[in-house]
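Computed over heavy atoms, backbone and side chain alike; hydrogens, waters and symmetry mates excluded. Note that the structure is a prediction, hence the values are computed from the model and not measured.
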Amino acid sequence: MANYSTNEFKAGLKVMLDGEPCNILENEYVKPGKGQAFNRVKIRKLISGKVLEKTFRSGESVEGADVMDTELSYLYTDGEFWHFMNNETFEQIAADEKALGDSIKWLVENDTCTITLWNGSPIVVTPPNFVELEITETDPGLKGDTAGTGGKPATLSTGAVVRVPLFVQTGEVIRVDTRSGEYASRAQK
Amino acid sequence: MEVETPSLSQHSVTDVNLSAFKTEFVSPISPDRKSLFLQTSPEYAMKRLLCAGSGCIFQLAKAFRNEEAGRFHNPEFTMLEWYRIGFDHLQLIDEIDELLQSILNCTPLTKNSYQELFIQHCDFDPLVASLEDLQQVASDFGFAQLAENETSRDLLLQLLFSHVIEPKIGLDKPIAVTAFPASQAALARLDPKDKRVSERFEIYYQGIELANGFHELNDIDEQYSRFTRENAERQASAKDPVTLDPYFLSALHHGLPDCAGVALGVDRLVMLAIGADSLSETMAFDVQRA
C-alpha cells in the first residue's frame, strides 16, 4: 500500500496504526508561531471500533490500509459463519462473529449490508439503516394508547429487544433504526 | 510612527519551522533572475528602520507562511507588529494588556513563566528535564508513538505545550507566558539573571495564540551564531539553508537600540472579538476560496 503524508489525511482515508486498519475522521493542524507543526488526528479503529486521537509531526507519513466497502446480500448463517453474496457476481463471502459484532441482531435474509474488507477479509458488517423484523414476544398493551409514554420492551425474531409503543402487538412487523436500535414505525403492509 | 516595509524581500528567515513563499523576479533591465520571498513577518525590515533611528514604530502588514492552513491558520494573514524603544518585554506586556482590554473587554492578563506552567500542568521542570524524562512524560500523556524516537527536547516541549498546556491556560483572561527556554529564544535576549531562559513571551487567550514578543536581541555575534545554528538544523532536516540577510545583519552591526517588540495576529484578535470559531469567518476569502 502507498504511504500517506499528514497533509493527505482527510475524513475517510484508511491507514494502518498499531497494526490495525483505521478510518480517519478529522485532521486538525496545530502549530505554534515559533515551533513544530503537528497534525492532531481523530481516528476510528475499524476492528475494535474505538475512536481515539493521535498526534503526528506534520510531514510524517503512515502506511495506507487496504480497506474497501462492498454491498452484499445476507444469505444465511451456519452457526459459525454468516454468508453474504454479491448479487452481480454471485461471489460469496463468509464473515465471523467478530466481524458481525452487534450487527448480528439486525440481519434479515436478502437485506443488503455493507461489508468492510481488509486485505480481502471481512472485518465489519454494517446492516441497512432500517430493517423490518417481526415481534415474537411483547406484553399486550392497553387499548387506546397512541404514542408517547415509555412504551414496553418487545423481543424480535432475531433476539433483539427494542422499546415499542403500547399499541404494537406480538406477530406484527416493525421498522427499526439499526443505528440507534430504536423503533421507527410499523412496517408497511 | 506608522511604517510600511516591503512584502517581497531578497532574503528570508532561518527559522526551521517557517516556510516562506518563494517567487522569481524577472527584471526588464537586467538578464539576471532573482529569487524573492514573501515575508513571514516584517521583523527584519522594521528592525532596520529602528537601527536607522526611526524611534518607536508600528505596522499593520500582511504576512505569508507556506505550509500553514487550518482552523487557526491561513497562509496569508494580517499582523500588527510594533516596537518600543527603551521598553523591556515586561513593559511591553503591560501595553499589550491595555490593548486587549480595550478591544476584547477582558480583565487584565495574568503572567506565568514557561517553567511554572510545565510544573503546574505536567509535573516536571522543563529547564532541567532530560530527553529521556521528556519522552517518558510525553508517553504518559498519550504521545508514545511520537515520543519514542524523538531526539529533540524542544519538539517534545512544544508537543506538550501545544497539546496539554495550551488548552488549559488563558481561558477566563489572557495570559502572558514568559521566560521561554533559551533554546526557543528566537530573536529575544537571554535573561541576564538566568541564562537558561530568554526574555521572550507569548500571549494566549481562550486557546488561541495571539502574540509573540521579545526584549529584542541586539548582540550581533549572538544573532549570527543563532542564524548559523538554525541553518545547520535546516540542513539536518533536509531543508534548504537560507542565505543570511546581509542588510539586517549590517543594520544590527550598526546598532539596534534597546527595545522590545511584538507581533500580534490581527485576524485571530478579530476572531476572539466577534466570537468566531475559525479564522476563515474573519476573512472575506480564506485560502480555500481566494
Side-chain angles (χ1 to χ4, degrees), chain A residues 1-67 118-119 123, chain B residues 13 15-19 40-41 63 65 67-74 77 79 138 141-147 149-150 152 154-164 166-167 177 180 184-188 200 202-204 207 209-214 237-239 263-265 268 278:
Chain A
M1 278 306 279
N3 280 343
Y4 294 96
S5 174
T6 49
N7 63 0
E8 296 173 279
F9 286 9
K10 57 179 182 195
L13 181 72
K14 312 290 194 299
V15 295
M16 293 299 296
L17 286 174
D18 307 331
E20 188 173 331
C22 298
N23 185 18
I24 288 178
L25 303 174
E26 283 171 28
N27 178 15
E28 189 172 19
Y29 178 74
V30 179
K31 184 183 185 305
K34 309 263 174 218
Q36 175 69 40
F38 299 101
N39 285 64
R40 184 156 48 199
V41 183
K42 196 186 256 190
I43 57 162
R44 171 177 284 117
K45 293 195 159 187
L46 287 172
I47 294 176
S48 63
K50 276 188 197 136
V51 173
L52 55 140
E53 276 192 352
K54 282 254 179 195
T55 297
F56 299 87
R57 280 173 83 134
S58 295
E60 220 181 310
S61 39
V62 171
E63 190 192 350
D66 178 10
V67 170
W118 174 38
N119 296 330
I123 51 167
Chain B
V13 294
D15 188 325
V16 188
N17 295 303
L18 287 181
S19 169
T40 54
S41 92
R65 295 183 180 182
E67 300 171 24
E68 297 193 10
R71 196 166 147 210
F72 304 131
H73 295 82
N74 195 62
F77 60 102
M79 215 175 226
F141 276 100
F143 304 107
Q145 126 264 356
L146 213 160
N149 303 312
E150 185 51 61
S152 159
D154 283 313
L155 186 139
L156 292 169
L157 289 173
Q158 286 157 2
L159 171 73
L160 290 167
F161 193 86
S162 58
H163 286 71
V164 179
E166 230 183 277
V177 181
F180 274 70
Q184 297 178 34
L187 284 82
R200 173 185 160 208
E202 292 255 2
I203 309 284
Y204 292 87
E209 179 194 352
L210 265 183
N212 174 71
F214 310 132
S237 51
K239 289 176 178 163
L264 184 150
R268 290 186 182 173
S278 68

Under 4.5 Å from any heavy atom of chain A, what part of [X] do you find: side chain, backbone, both or neither?
X        : value
B:Leu155 : both
B:Leu159 : both
B:Ala69  : backbone

Might you point out which heavy atoms bring [X] and [Y] nearest each other, and give the distance in Å?
X       : Y        : value
B:Glu67 : A:Tyr29  : O-OH, 3.2 Å
B:Leu18 : A:Gly33  : CD2-O, 4.0 Å
A:Lys34 : B:Ala186 : CD-CB, 3.8 Å
A:Gly35 : B:Asn17  : O-CB, 3.1 Å

Item to check | Side chain proximity check, A:Phe38 to B:Ser162, heavy atoms < 4.5 angstrom | outcome: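 They are in side-chain contact.
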Checklist entry - Mind checking whether A:Lys31 and B:Phe72 have side chains closer than 4.5 Å, heavy atoms only? => result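 They are not in side-chain contact.
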Next on the checklist: Heavy-atom pairs under 4.5 Å with chain A - which of B:Arg71, B:Glu68, B:Gln184 has more of them than the others?
Outcome noted: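 The option with the most such pairs is B:Glu68.
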Checklist entry - Does A:Arg57 come within less than 4.0 Å of B:Glu150, counting only side-chain N to carboxylate O? => result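 Counted as a salt bridge, because a side-chain N and a carboxylate O are separated by less than 4.0 Å.
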Checklist entry - More than 12 foreign heavy atoms under 6.0 Å from NZ of B:Lys239: is that the case here? => result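 Count over threshold, so yes.
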Item to check | Greater than 12 external heavy atoms within 6.0 Å of A:Lys42's NZ | outcome: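 Not buried by this count: 12 neighbours or fewer within 6.0 Å.
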Checklist entry - Counting only N and O atoms by type, is there a donor-acceptor contact under 3.5 Å from the side chain of B:Gln158 to the main-chain atoms of A:Ala37? => result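 It does not hold such a pair.
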